[in-house]
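Worksheet: one structure, shown below.
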Amino acid sequence: MTKKKTVAGTKTIAASRETAEEQGAASAAGLQLKKFEEAVQLFTRRNFVEACEAFRDVAAGPASNIADKARSYLQICERRLSTPQLDFRTAEDHFNYAVERLNARDIEQAQFHFTRALGLQPDADHILYTMALCCGIGGDGNGACENLKRAIELEPKNRILARQDPEFSALAAQFPALRALLGFDAPGSL
């Protein structure tokens, strides 16, 4: 009977060790999952620098399925953080990029590249027209008026285009000088 108790006691100790190891692995995987969820929150808030660090930690964890997902997110974060080297050689290069930034409502970058485009091609009415729109969206009514006025001087059709452009119509409602420039103050103009 003593031998049976010893065998049973050995099995109990071994089972306890396995249970402890399983619990340790389970708690490590649980911690890994919690860190993964925190990293996803950082990612969702577009905090890619901190998300990268968090996903790296998660990728080193014991649960392979969570580590795989973390590596996928890590690759996305790294791509988002890498800034492609854009080579702007012409006014049109700056203009096209500025339009893309304007559409993304990155007004600061859009204005920077419109300004660079105008530096290279100061009499480009299409650049002045779009710079006017950018200024207006950015809250600069005077800049919108000055740029649109110059665009109209260079190409009178720009007044008609601006009058038909819903974005300029909305800006004209905000800025009286722009409304007057477009002729919306005239009786029967709206």
Side-chain angles (χ1 to χ4, degrees), residues 37-58 70-185 189-190:
E37 291 169 351
E38 292 170 358
V40 169
Q41 289 176 355
L42 291 168
F43 179 86
T44 303
R45 289 192 302 257
R46 304 180 66 79
N47 188 343
F48 298 120
V49 173
E50 288 183 36
C52 268
E53 293 172 24
F55 285 125
R56 275 190 196 97
D57 290 342
V58 173
R71 281 189 285 278
S72 295
Y73 272 98
L74 179 59
Q75 288 178 344
I76 295 168
C77 287
E78 288 171 343
R79 271 185 265 151
R80 298 260 173 105
L81 288 172
S82 69
T83 52
Q85 295 298 325
L86 301 173
D87 188 20
F88 301 106
R89 294 181 183 194
T90 67
E92 285 304 308
D93 291 341
H94 283 285
F95 173 76
N96 291 329
Y97 186 70
V99 168
E100 187 272 328
R101 293 289 72 211
L102 179 60
N103 289 336
R105 293 307 193 243
D106 183 358
I107 303 303
E108 185 177 317
Q109 279 296 304
Q111 285 181 333
F112 174 81
H113 285 281
F114 282 131
T115 301
R116 297 293 296 266
L118 286 169
L120 295 169
Q121 202 172 352
D123 291 334
D125 67 288
H126 68 288
I127 298 173
L128 287 159
Y129 179 95
T130 315
M131 175 65 147
L133 183 61
C134 183
C135 289
I137 291 171
D140 179 8
N142 290 334
C145 285
E146 291 303 314
N147 284 294
L148 185 58
K149 183 178 179 180
R150 179 81 174 115
I152 292 169
E153 288 170 1
L154 292 168
E155 177 54 66
K157 291 178 185 175
N158 282 323
R159 184 185 315 268
I160 296 166
L161 291 173
R163 285 181 59 95
Q164 295 172 349
D165 187 325
E167 289 185 294
F168 268 115
S169 295
L171 293 173
Q174 293 177 8
F175 303 113
L178 190 58
R179 187 171 44 250
L181 177 63
L182 293 175
F184 284 141
D185 286 339
S189 64
L190 294 176

Nearest 0.5 Å, what's the [atom1]-[atom2] distance between [X] and [Y]?
X    : Y    : atom1 : atom2 : result
L102 : Q111 : CG    : CD    : 9.0 Å
D165 : L161 : CG    : CG    : 8.0 Å
C77  : R46  : SG    : CZ    : 10.5 Å
L120 : I127 : CG    : CD1   : 8.0 Å
F112 : I107 : CZ    : CD1   : 15.5 Å
L42  : E50  : CG    : CD    : 5.5 Å

Is any side-chain heavy atom of [Y] closer than 4.5 Å to one of [X]?
X    : Y    : result
N142 : F175 : no
L178 : L148 : yes
F184 : R163 : yes
R45  : F43  : no

Identify whether the distance between the nearest side-chain nitrogen and carboxylate oxygen of E153 and R159 falls below 4.0 Å.
no

Ring-plane angle category for F55 and Y73, please: parallel below 30°, perpendicular beyond 60°, tilted otherwise.
parallel

Under 30°, 30 to 60°, or over 60°: which ring-plane class applies to Y97 and H113, parallel, tilted or perpendicular?
perpendicular

Short side-chain to backbone donor-acceptor contact, R116 and A91, under 3.5 Å:
no

Do side-chain atoms of N147 reach the backbone of G143 as a donor and acceptor pair under 3.5 angstrom?
yes

Heavy-atom count around N96 CG within 6.0 Å, excluding the residue itself: above 12?
yes

Can you confirm whether R105 is buried at CZ, in the sense that more than 12 heavy atoms of other residues, nucleotides or ligands lie under 6.0 Å from that atom?
yes

Looking at every heavy atom in both [X] and [Y], which two are closest together, and how far apart are they?
X    : Y    : result
A144 : C135 : N-CB, 3.5 Å
L74  : C52  : CD1-O, 3.5 Å
G119 : P122 : O-CD, 4.3 Å
L181 : C145 : CD2-O, 3.7 Å
A151 : N158 : O-ND2, 2.9 Å

Set of side-chain hydrogen bond (donor to acceptor under 3.5 Å, both in side chains) partners for E92, sequence neighbours left out
H126

Before you tell me yes or no, could you show the steps for T115 and M131 under side chain to side chain contact (heavy atoms under 4.5 Å, CB included), namely the whole-Å CA-CA distance, both residues' side-chain angles and the distance that decides it to 0.1 Å?
CA-CA 8 Å; T115 301; M131 175 65 147; 3.3 Å; yes

Can you tell me which residue among D125, D123, L118 is in a side chain to side chain contact (heavy atoms under 4.5 Å, CB included) with R150?
D123

E78 and R71: CA distance, side-chain angles, deciding distance, salt bridge (Lys or Arg N to Asp or Glu O under 4.0 Å) verdict:
CA-CA 10 Å; E78 288 171 343; R71 281 189 285 278; over 6 Å; no

So E108 and R101, side chain to side chain contact (heavy atoms under 4.5 Å, CB included) or not? Walk me through it.
CA-CA 9 Å; E108 185 177 317; R101 293 289 72 211; over 6 Å; no

ring-ring contact (aromatic ring centres under 6.0 Å, His included) partners of residues 151-173, not counting sequence neighbours, each pair once
Y129-F168

